[in-house]
Protein chains: 2
Amino acid sequence: MPNTHETPLPNTRETGPELSSVWLRVFLEVARHGSFTVAARTLGWTQSAVSRQVASLEAALDGGPLFDRLPRGVALTEAGRLLVPYAETVTGALRDARRDLGALREAAGGRLRFGAFATADAALVPHALALFRARHPRVRVVREEGFTPALLDRLTAGHLDLAVVSTTGRAPLESYELHHLLDEPLYVAVPAGHPLAGHEGPVPLGRFADADWISGSPRPEGTLLDAALRQGFSPRVAHVVGEWTAKQGYVAAGLGVTLVPALAAASVRPDITLLRVLDDGAPARAVYAATLRGRSLTPAASAFLDAVREATATIPA
Amino acid sequence: MPNTHETPLPNTRETGPELSSVWLRVFLEVARHGSFTVAARTLGWTQSAVSRQVASLEAALDGGPLFDRLPRGVALTEAGRLLVPYAETVTGALRDARRDLGALREAAGGRLRFGAFATADAALVPHALALFRARHPRVRVVREEGFTPALLDRLTAGHLDLAVVSTTGRAPLESYELHHLLDEPLYVAVPAGHPLAGHEGPVPLGRFADADWISGSPRPEGTLLDAALRQGFSPRVAHVVGEWTAKQGYVAAGLGVTLVPALAAASVRPDITLLRVLDDGAPARAVYAATLRGRSLTPAASAFLDAVREATATIPA
DNA sequence: GAGTCTCATGCGTATTCGGCATGGCAGCCA
DNA sequence: TGGCTGCCATGCCGAATACGCATGAGACTC
C-alpha cells in the first residue's frame, strides 16, 4: 500500500491493482479445462481457492466476469477470450526468463567477455580457455588482447567481464577487484654464447648493469626494467623493440639482453638462453585476474576465473 | 499452498515460485533509476519496501542477485540485464490487456455479431444499428440475415452474440435468453379493390376463412397462418410464394390475400390495402432478441440490445 | 573523523490467501 | 415430480505475506 507522505510523480500513471502471476496461470488452466474443479485438481489446489483466484483476477482487471458460470463448468466470456493471449504471453515470458536465468546460473548459457595481455595468451589463457570450453560449451566467449591499461579501461566501460592483467611496477589498479594468479619470476635472455649462459642458479640483476638492453620502451619506468631501478642501476637501453619475436632476434644477434617474464619463458628460440633472476625482495611482476570492484561476477566469469587458477598451477613457477 | 491430498498430474511441470507483477514493475523502476531509494519515491513506497520487493524477486527467480549493491545506488548484474526485456514483456502485456479490456467494457472496441430475420431488417434493425454505430463507432459489427431457426443455430454455435428472432407459433426457443421486443399485430393484405378494403377497424380473421391465401408454405403450421388455425378454420393456400415482393404481386393481382406482420407494414406497395387483424387472444407473433442462456452479454451486445429496444419504440405498434 | 547517503533488517500491524465446511443453484434420473 | 449429484460461491479461521517505521551497517566525502 503506497504511503501518503510522498506525492506521486506525474509519471506514476495509474495501472490499476497489481496482478499475481498465479492468477493468470490459474486463469489459463481454468480456461483450458472449462472447470474450476478440474483446474483445481490439476493445480493441486482446492476448488474454493481457484474460485477466489478467478474472482480476484476479475476484480483486479475490472473488466467484468472472465467466465460465465454454467451449470456444468464455466465458459470464457468475451473478456476472458481477450485475456487468454495476454495471459499466455505473460506466463510464457516468465517461463523463458526462468529458463535463461537457470542457464546463466549453471553457466550453460550467456556470454563471457575477457581480455588478456600478450604473454598471458602464450600459455596461461589458452590452457584456461580449453578447460572452460570443455566445461561450459554453451557459453559464448568473446576474447580481447591488449595491454593492461587498455584492458582495465575496457573493464570499466563494461565491455569486459574479466581481464588478465599484470602489475609492471606501480599501476593504477585501484577500484578493481584483483584476484592474484601468480608472481612471475624474471629471466634475462642472453644469446647462447654469452659468458653467463652456462651459469647455474639465479643471477643477481646487477651483473647486467653494464649490458646493452633491449626493451619495448626507452625509459625503464613502468616496464619490467623497473626491477633494474630497484637494484640500483639505470639500464642502458640500446634498442627499443616492441614485438617479442623481434626482441628475440636482437638478443640472438648479440645486440643486447632483455628481461623475459616467466609466462613467455616457454616460447623462446633455442639460440637464446634464459637466466633466472635472483628474486631478492618483492616479486618483479604479479599477474591478476581483474574484475570491477563491487560487481558480482557472472557464473561464467567465475568459472573462467577458476579455470585460470587451475591453469596457473600448470605454469612452472 | 498446494494441498497434499491430490496427486499433481504429470503436466504440472515445475515452474518455481510464483512471481508478483509488482515485483517486476519495481524491478524495472529500480533498473531505470539505478537506485532503490529513487525508485521507491517514484512508486510512492518506502525504500525498505522496494528493498524487500527486489529481495523477494531475487529469491523467487533463484538466479542470484539482480543488482550489485554499490555505495551509491545499485547496478544491474548480468542476470538483471537478462531479466529486463522479459519484465518489460510482462508489464507491457498486462498494460495492453488492461487497455483492451477497458475498451471492451466501454464498448469502445471489440466486435458485435448479430443476426436478424428479414422483416426485422426492414426498419427495426437499421434504426437500432444507426443508434448503435453513432454511440459505439469503434465496435466492429458483423451482421447476418436468416430465418429464426438458422439464426438460433448460429447463436448456439457461438458465431453470433445476439439474434433478432420471432416466434411463429411454437418455436424451439428454450435454452435461449429471450429479451422481448414487441408483439407484432398482424395485417391481412388485400388488393386495393377488395370488398373489405375500406373497412374501418380490426377485422376478425374468420372473415377470410373462404379466401384464397398466399403463403410461404403449403401448410399453415409454424407460419403466420397459425393464427387461422387458432381461429378455427383451415386456410386454403392457393399459391406458395416465398419472396415478400413476389407475394405482394400475387395479392395485387387479386390471386389471394396474405398475412403481413407489422414490421413489414411500412413496405407494402400502394395498390395493396392492409387490414388490421382483430387481436383476440395471444399476440400473433412476438419478436425477441435472443442470446445464449447463462452467457453474459458483451458490453457491445448489451448496448445493441438497448438500441434495438429504443428503435422498437419508433415502430408503430 | 564526523556527516551523509546508500541499502538491509528487526518489529509490529494489517491484509491476503490458503483449506475446510457449507450453501445455493441447476440438471439428471428414477 | 422429487431426490441426487455436480458445480461454483462464501463465511470462517489460521498462517503467511507485505507494508511502514525505526534502526543498523558500510562506504564515500569534506
Side-chain angles (χ1 to χ4, degrees), chain A residues 1-6 17-27 29-31 33-60 65-77 80 174-175 177 292-296, chain B residues 1-6 17-27 29-31 33-60 65-77 80 174-175 177 292-296:
Chain A
M1 184 182 311
N3 66 19
T4 54
H5 304 298
E6 302 290 347
E18 296 290 345
L19 307 183
S20 161
S21 75
V22 202
W23 298 349
L24 292 179
R25 297 216 320 126
V26 170
F27 165 76
E29 205 66 25
V30 171
H33 292 102
S35 158
F36 285 19
T37 305
V38 174
R41 205 151 29 221
T42 302
L43 294 164
W45 286 347
T46 60
Q47 172 269 326
S48 71
V50 171
S51 175
R52 272 181 235 271
Q53 299 273 8
V54 174
S56 298
L57 181 62
E58 289 173 331
L66 297 169
F67 295 98
D68 283 319
R69 275 66 168 180
L70 304 177
R72 276 298 192 274
V74 297
L76 284 170
T77 63
E174 297 314 311
S175 85
E177 198 75 47
L292 282 180
R293 172 177 298 279
R295 302 303 182 90
S296 61
Chain B
M1 183 182 314
N3 65 21
T4 54
H5 304 300
E6 300 291 346
E18 296 292 345
L19 306 183
S20 162
S21 76
V22 200
W23 296 349
L24 292 178
R25 298 217 317 127
V26 170
F27 165 76
E29 206 66 25
V30 171
H33 292 101
S35 158
F36 285 18
T37 305
V38 174
R41 204 152 33 225
T42 303
L43 294 165
W45 287 345
T46 60
Q47 172 269 326
S48 71
V50 170
S51 175
R52 273 182 236 271
Q53 301 271 9
V54 173
S56 298
L57 182 62
E58 289 172 330
L66 296 170
F67 295 99
D68 282 320
R69 275 65 168 181
L70 303 177
R72 275 301 192 271
V74 297
L76 284 170
T77 63
E174 297 316 311
S175 84
E177 197 76 46
L292 282 180
R293 170 176 300 277
R295 304 300 184 89
S296 62

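Quick note: numbers below take in every heavy atom, side chains included, and nothing from hydrogens, waters or symmetry partners. This one's a predicted model, so the numbers in the text were calculated from it and none came from an experiment. Residue numbering restarts at 1 for every chain, and letters A, B, ... go by the order of the sequence lines.
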Nucleotides 22-30 of chain D: protein proximity per nucleotide (B base, S sugar-phosphate only, - neither; heavy atom, under 4.0 Å): B----SS--
Tell me the interatomic distance from [X], atom [atom1], to [N], atom [atom2], rounded to whole angstroms.
X	N	atom1	atom2	answer
B/Leu43	D/dG20	CG	C1'	15 Å
A/Arg69	D/dG6	CZ	P	21 Å
A/Arg41	D/dG6	CZ	P	11 Å
A/Trp23	C/dG18	CH2	C1'	14 Å

Which one, [options], comes nearest to the side chain of [X]?
X	options	value
A/Ser51	C/dC7, D/dT10, D/dA18	D/dT10
B/Gln53	D/dC8, C/dC7, D/dC19	D/dC19
B/Phe36	C/dG19, C/dA8, D/dA18	C/dA8
A/Trp45	D/dA9, C/dG18, D/dC8	C/dG18

Working to the nearest 0.5 Å, report the span between CD of B/Glu29 and OG1 of B/Thr42. 5.0 Å
With sequence neighbours excluded, residues passing side-chain contact (heavy atoms from CB on, under 4.5 Å) with A/Leu57: A/Leu19, A/Trp23, A/Leu24, A/Phe27, A/Leu61, A/Leu66, A/Leu83
Partner set under side-chain contact (heavy atoms from CB on, under 4.5 Å) for A/Thr37, not counting sequence neighbours: A/Ser35, A/Arg41, A/Gln47
B/Leu70 versus A/Arg295: any side-chain heavy-atom pair under 4.5 Å? yes
Going by the rule side-chain hydrogen bond (donor to acceptor under 3.5 Å, both in side chains), which residues pair with [X] if we only count those two or more places apart in sequence or in a different chain?
X	value
A/Ser20	none
B/Arg52	none
B/Arg69	B/Glu58
A/Ser56	none

Does C/dC7 have OP1 or OP2 sitting under 4.0 Å from an N or O in the side chain of B/Ser35? yes
NA contact type, B/Val74, heavy-atom cut-off 4.0 Å: base, sugar-phosphate, or nothing? sugar-phosphate
Between A/Asp68 (side chain) and B/Ser296 (backbone), is there a donor-acceptor pair under 3.5 Å? yes
Degree of bending, the helix from C/dG1-D/dC30 to C/dA30-D/dT1 (end axes from five pairs; round to 10°): 20°
